[in-house]
Amino acid sequence: MANQVIKAVTANWILGALAALTAFLFGGWSGAVIGWLLGTAAAFMQAQRQRIISPTVGLGAGAGAGLIVGLWLLLGSAIQQQLAPLLGLPATGTVEIVAALAIATLAGGVMGALQGIPAPAKQQATLVTLAFVLVFFPFADRIGQTNWIDTAIQILIFVMLALGLNITVGFAGLLDLGYVAFFAIGAYTTGFLASPQLDLDWNFWLALPVAAVVAAIAGLILGTPTLRLRGDYLAIVTLGFGQIVPDPINRPTLPLIGTFESSNYFPWYYLILFLVVFAYFAIVRLRDSRLGRSWTAIREDELAASAMGINLVNSKLLAFAMGATFSGFAGAFYAAYISAIFPSVFDFSISVIILCMVILGGLGNLTGVILGAIIIMAADRLYLPQLAQVIKSWLNTSVLPVISDPGLRDFVATSLDPLQMRLFLFGLTLVIMMLVRPEGLVPDTLHKAEMHETEEESKEFLADARSR
């Protein structure tokens, strides 16, 4: 009971702090948009900790969870109002603050009420609600003028990459530090096939599956010489492969939409959302298949898996190939989305960041991996840039004008830039996770048991000693 209370308080604090930070950094209608998202999430998490016996009970519990998020939004907005002149930012209006509080409470109440209906219908209602949030998000973004949709597209690209890497690392236990190579291969394949300057000029819808197949073949090529390697040796070889692989491109076209344009993010958002949903359900089927169980056995004990008749060679090769396939899909989409490819995009740090997403979320757990990707990418592409802008505005209006020494002025401006510390922050997050929760935020059952095996054995030993 005490552990449940601690977890509930921790979850509420995390969601609340995120809500307050969003309202403080972005202001305007951002509180209403994030209140809708976090109010829904808070109510769902509350339903997992509390027994909801009816929609009425769920309505009260969900609305309470949403209200807590709303109060945090109120706090963040109030602080933003007070500091806006000092930071050189426009202050959030009273209407936006009240709307954020009301929307967070309402969203929590709706989700909570849905958790109180009978079990078969509850799961369907939850999925419908999640689908509604994902589909309606671009409209909420436009109404609230938050301009987060471009970041959402980038997040979804990395969600697909993380799901693919989870096959290799999470399911099969093969450490791959060169995963960005398959991302690059998918992008370059699309660039070669869909570039009018190379006289190929393929349609994007034809280039997309070809890019995935080429990436899968690359995964087989990488996997073949590494079959006898394990652990650090495997990581070194895959790292080398990632370093080996470092024009305008045709964009998708649909009959009713026409050619996808840079100025209209809606078609891009729904396309990558469709690809992520497709990847999720395909990977779920792989995980539950005979091949998926073979990967799990190999991850646990290769010798025992081989003794059980599992073909280690084919299973490992398919793990590399399947992981590379979804990375190829992401690369093909990315190439068409930015309409150009730059080698600097596919450096080693991308592989590390994707691996961080898998570890942070929880090895082997698809929901955890998605959560880890959202957290890291939102911090990297949304919150850190906005925080850097706020700090820069504060420095320019309040700090730098009073510093007369040019050298000191440049030092202060550079040292207080959060973007310069992004990799440090990611590393610090991983260190804390390894110390506090090594299995990840949403751990897979087997990984969680492995991480706490020694701890459980110690408890059993102490219990036996005391009983004697």
Side-chain angles (χ1 to χ4, degrees), residues 37 40 123-142 148-167 182-183 185-187 189-191 193-194 202-216 249-288 322-339 354 357 361 366-374 377-378 381:
L37 299 176
T40 303
Q123 183 177 5
Q124 297 177 1
T126 303
L127 291 176
V128 169
T129 304
L130 176 61
F132 174 78
V133 170
L134 294 173
V135 171
F136 187 72
F137 172 78
F139 298 96
D141 176 73
R142 174 172 291 183
W148 291 345
I149 187 170
D150 179 46
T151 303
I153 293 172
Q154 298 179 50
I155 290 174
L156 288 173
I157 293 173
F158 276 83
V159 166
M160 175 168 280
L161 290 170
L163 287 173
L165 182 60
N166 188 55
I167 294 177
F182 308 122
F183 184 39
I185 288 172
T189 300
T190 304
L193 296 178
W202 281 33
N203 185 287
F204 168 81
W205 305 109
L206 295 176
L208 179 66
V210 173
V213 171
V214 172
I249 300 171
N250 284 342
R251 290 179 162 179
T253 301
L254 289 175
L256 299 179
I257 298 176
T259 302
F260 289 21
E261 301 293 343
S262 302
S263 58
N264 184 10
Y265 291 111
F266 276 55
W268 296 105
Y269 173 83
Y270 290 117
L271 174 57
I272 187 60
L273 179 62
F274 169 79
L275 291 176
V276 168
V277 172
F278 164 75
Y280 180 87
F281 284 105
I283 293 173
V284 167
R285 297 297 298 272
L286 281 173
R287 180 197 62 190
D288 298 336
M322 291 296 99
T325 299
F326 295 104
S327 184
F329 275 122
F333 175 89
Y334 180 77
Y337 179 60
I338 65 173
S339 191
I354 300 172
M357 296 173 184
L366 298 181
T367 303
V369 169
I370 293 174
L371 180 61
I374 293 174
M377 285 303 296
R381 302 298 170 89

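Keep in mind that what you see is a predicted model, and the values were worked out from it rather than measured.
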Can you tell me how far apart [atom1] ([X]) and [atom2] ([Y]) are? Round to the nearest 0.5 Å.
X: Phe326; Y: Ile283; atom1: CZ; atom2: CD1; answer: 4.5 Å
X: Ile354; Y: Leu161; atom1: CD1; atom2: CG; answer: 4.5 Å
X: Tyr334; Y: Phe158; atom1: OH; atom2: CZ; answer: 7.5 Å

Nearest heavy-atom pair of [X] and [Y]: which atoms, and what distance?
X: Met160; Y: Ala330; answer: SD-N, 3.7 Å
X: Pro252; Y: Ala336; answer: CD-CB, 4.1 Å
X: Ala187; Y: Ala335; answer: O-CB, 3.5 Å
X: Phe137; Y: Ile149; answer: CE2-CA, 4.3 Å

What residues, two or more places apart in sequence or in another chain, satisfy side chain to side chain contact (heavy atoms under 4.5 Å, CB included) together with [X]?
X: Ala332; result: Thr190, Leu208, Ala211
X: Leu254; result: Trp205, Ile257, Phe260
X: Ile155; result: Thr151, Val159, Ile374, Met377, Ala378
X: Thr253; result: Thr259

Can you check whether [X] reaches [Y] side chain to side chain, under 4.5 Å on heavy atoms?
X: Thr325; Y: Phe329; result: yes
X: Phe281; Y: Leu366; result: no
X: Leu165; Y: Phe182; result: no

Test side-chain contact (heavy atoms from CB on, under 4.5 Å) applied to Leu206 and Leu193, step by step: CA-CA 9 Å; Leu206 295 176; Leu193 296 178; over 6 Å; no

With a 3.5 Å cut-off and sequence neighbours excluded, list the donor-acceptor pairs that the side chains of residues 266-279 form with protein atoms.
| residue | atom | partner | partner atom | Å |
| --- | --- | --- | --- | --- |
| Trp268 | NE1 | Glu261 | O | 3.0 |
| Tyr269 | OH | Leu134 | O | 2.6 |
| Tyr270 | OH | Val135 | O | 2.6 |

Pairs where residues 274-288 contributes a residue and the test side chain to side chain donor-acceptor pair (under 3.5 Å) is met, not counting sequence neighbours: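 As it turns out, there is no side chain to side chain donor-acceptor pair (under 3.5 Å) pair with a partner in residues 274-288 once direct neighbours are skipped.
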
